[in-house]
Visitor: 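After the structure tokens below, expect a handful of questions from me.
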Amino acid sequence: MSWHDFFTLPHYTYSHNLAYAYGLVFAVQGGYLAWILRGWLKTSRKYE
Amino acid sequence: MTVELTGQKRSIIPRVATAIWFAVALAVLGIGFRQAIFLVPKESSMGDLQRIFYYHVPSAILGMIFPYINCAASLAFLYWRRRDPWKALGADALAVASAEVTLIFVTIGLATGSLWAKPAWGVWWVWDARTTTFLALWLLFAAYLITRKFAGATSQGHTLAAVISIFAAIDVPISFMSIRWWRTQHPAPVFDGGNLDKSFWPGILWNLAGWGLWGFLVMGLRYALERRRQRMQEEAALEAIEASLEITQ
């Protein structure tokens with residue numbers, strides 16, 4: 001599979017669900033890390 | 001080597017270790033992504049859609065490992081809450097961190113499974129033993145975090161949440177064994193008794209290692225954040241007591 005195949009997965013066969021799944025994994029995990037870092041920055045300001 | 005923070009000297013070693021851990025996790029995840037998309041062969045019956053498994057399976061496995069950290073931390077909290085409050089707070093911080101990481105992995109396991117199921121089975125969801133017990137695990141951890149959220153910093157709320165985590169830990173082996181005990185629509189186990197060809201394993205194993213490293217990293221960061229919040233609450237409470245003593249004098 002190539003990058004071109006990945007981004008041109010045919011919708012009519014539901015193959016684009018692969019792209020949705022991968023997008024969801026990185027969005028959720030990245031979002032959680034960002035939320036933790038936001039909390040860290042907020043408490044750092046209060047600490048100082 | 002130390003850095004100055006809030007007037008106290010703190011070691012820089014944890015920060016360096018975290019940065020190294022983060023870099024290793026990203027590298028392993030990069031290898032896992034390359035394996036999953038470019039190197040592992042296309043499965044004959046499902047085609048590229050089967051590549052969802054390389055993220056679904058590791059997330060589901062890790063979603064069954066972190067509940068045990070949560071359960072152990074909750075039991076430690078229940079043991080220490082009257083004996084050693086400071087240790088109990090540490091256990092409580094680990095419990096909330098592991099509960100959130102569990103909920104993240106179980107959410108991804110459920111969502112990616114559903115995205116695979118629609119093309120493969122024709123439906124987004126079936127109420128078979130594995131999916132139902134895994135959904136129960138998600139609901140238990142959602143209940144755990146909601147209980148903590150609405151109970152605030154009260155000891156009763158955290159105690160109730162710790163009890164919920166024990167129920168969640170009981171659900172894990174039932175969910176794990178469900179595809180062995182009962183005839184389910186969910187596919188057979190991957191590693192133990194499954195018939196997955198060896199050529200597909202690198203996609204699963206590299207991502208399992210990568211997301212495992214990632215999971216422990218975010219759990220550690222969340223634990224550190226919770227400990228910092230606990231210290232701030234303690235300092236605020238002490239300041240309030242000192243202020244009230246000054247007023248009475």
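The chains referred to below are lettered A, B, ... by the order of the sequence lines, with proteins before strands, and numbering in each begins at 1.
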Visitor: If you measure from OG1 on A:Thr43 to CZ on B:Arg228, what distance do you get to the nearest 0.5 Å?
Guide: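 Going from the OG1 atom of A:Thr43 to the CZ atom of B:Arg228 covers 4.0 Å.
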Visitor: Verify the ring-centre separation between A:Phe26 and B:Trp211: is it less than 6.0 angstrom?
Guide: yes
Visitor: Name the option with the most non-hydrogen atom pairs under 4.5 Å to chain A; the candidates are B:Phe105, B:Tyr54, B:Trp116.
Guide: B:Phe105
Visitor: With respect to A:Gln29, which candidate in B:Leu29, B:Val101, B:Ile108 satisfies the side-chain contact (heavy atoms from CB on, under 4.5 Å) definition?
Guide: B:Ile108
Visitor: Could you grab the distance from atom CE of B:Met219 to atom OH of A:Tyr32, nearest 0.5 Å is fine?
Guide: 9.5 Å
Visitor: Let me confirm one number: the CG-NE2 distance from B:Leu49 to A:His16, rounded to the nearest 0.5 Å.
Guide: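 Spacing of CG (B:Leu49) from NE2 (A:His16) equals 10.5 Å.
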Visitor: Test B:Trp214 against A:Leu33 for side-chain contact (heavy atoms from CB on, under 4.5 Å), laying out the working first.
Guide: CA-CA 10 Å; B:Trp214 178 271; A:Leu33 179 65; 3.5 Å; yes
Visitor: So which heavy atom on A:Val25 is nearest to which on B:Thr112, and how close?
Guide: CG2-CG2, 3.9 Å
Visitor: Which pair of heavy atoms, one from B:Ala111 and one from A:Leu24, lies closest together, and at what distance?
Guide: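 Looking at all heavy atoms of both residues, the closest pair is CB-CD2, 3.6 Å.
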Visitor: In terms of heavy-atom pairs under 4.5 Å with chain A, which of B:His56, B:Glu100, B:Arg229 leads?
Guide: B:Glu100
Visitor: Which atom names give the shortest non-hydrogen contact between A:Leu18 and B:Ile52, and what distance separates them?
Guide: CD1-N, 3.5 Å
Visitor: Within this structure, what is the CD-CD1 distance for the pair B:Glu226 and A:Ile36, rounded to the nearest 0.5 Å?
Guide: 11.0 Å
Visitor: So which heavy atom on B:Leu115 is nearest to which on A:Asn17, and how close?
Guide: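 Answer, listing the atom of B:Leu115 first, then A:Asn17: O-ND2, 2.7 Å.
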Visitor: Which region of B:Tyr55, side chain (C-beta onward) or backbone (N, CA, C, O), has a non-hydrogen atom less than 4.5 Å from a non-hydrogen atom of chain A, or is it both or neither?
Guide: side chain
Visitor: Please check if the side chain of A:Tyr22 supplies one atom and the backbone of B:Phe33 the other of a donor-acceptor pair under 3.5 Å.
Guide: no
Visitor: Measure distances from B:Ala236 to the heavy atoms of chain A and classify the residue's part below 4.5 Å as side chain, backbone, both or neither.
Guide: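 Neither; nothing under 4.5 Å.
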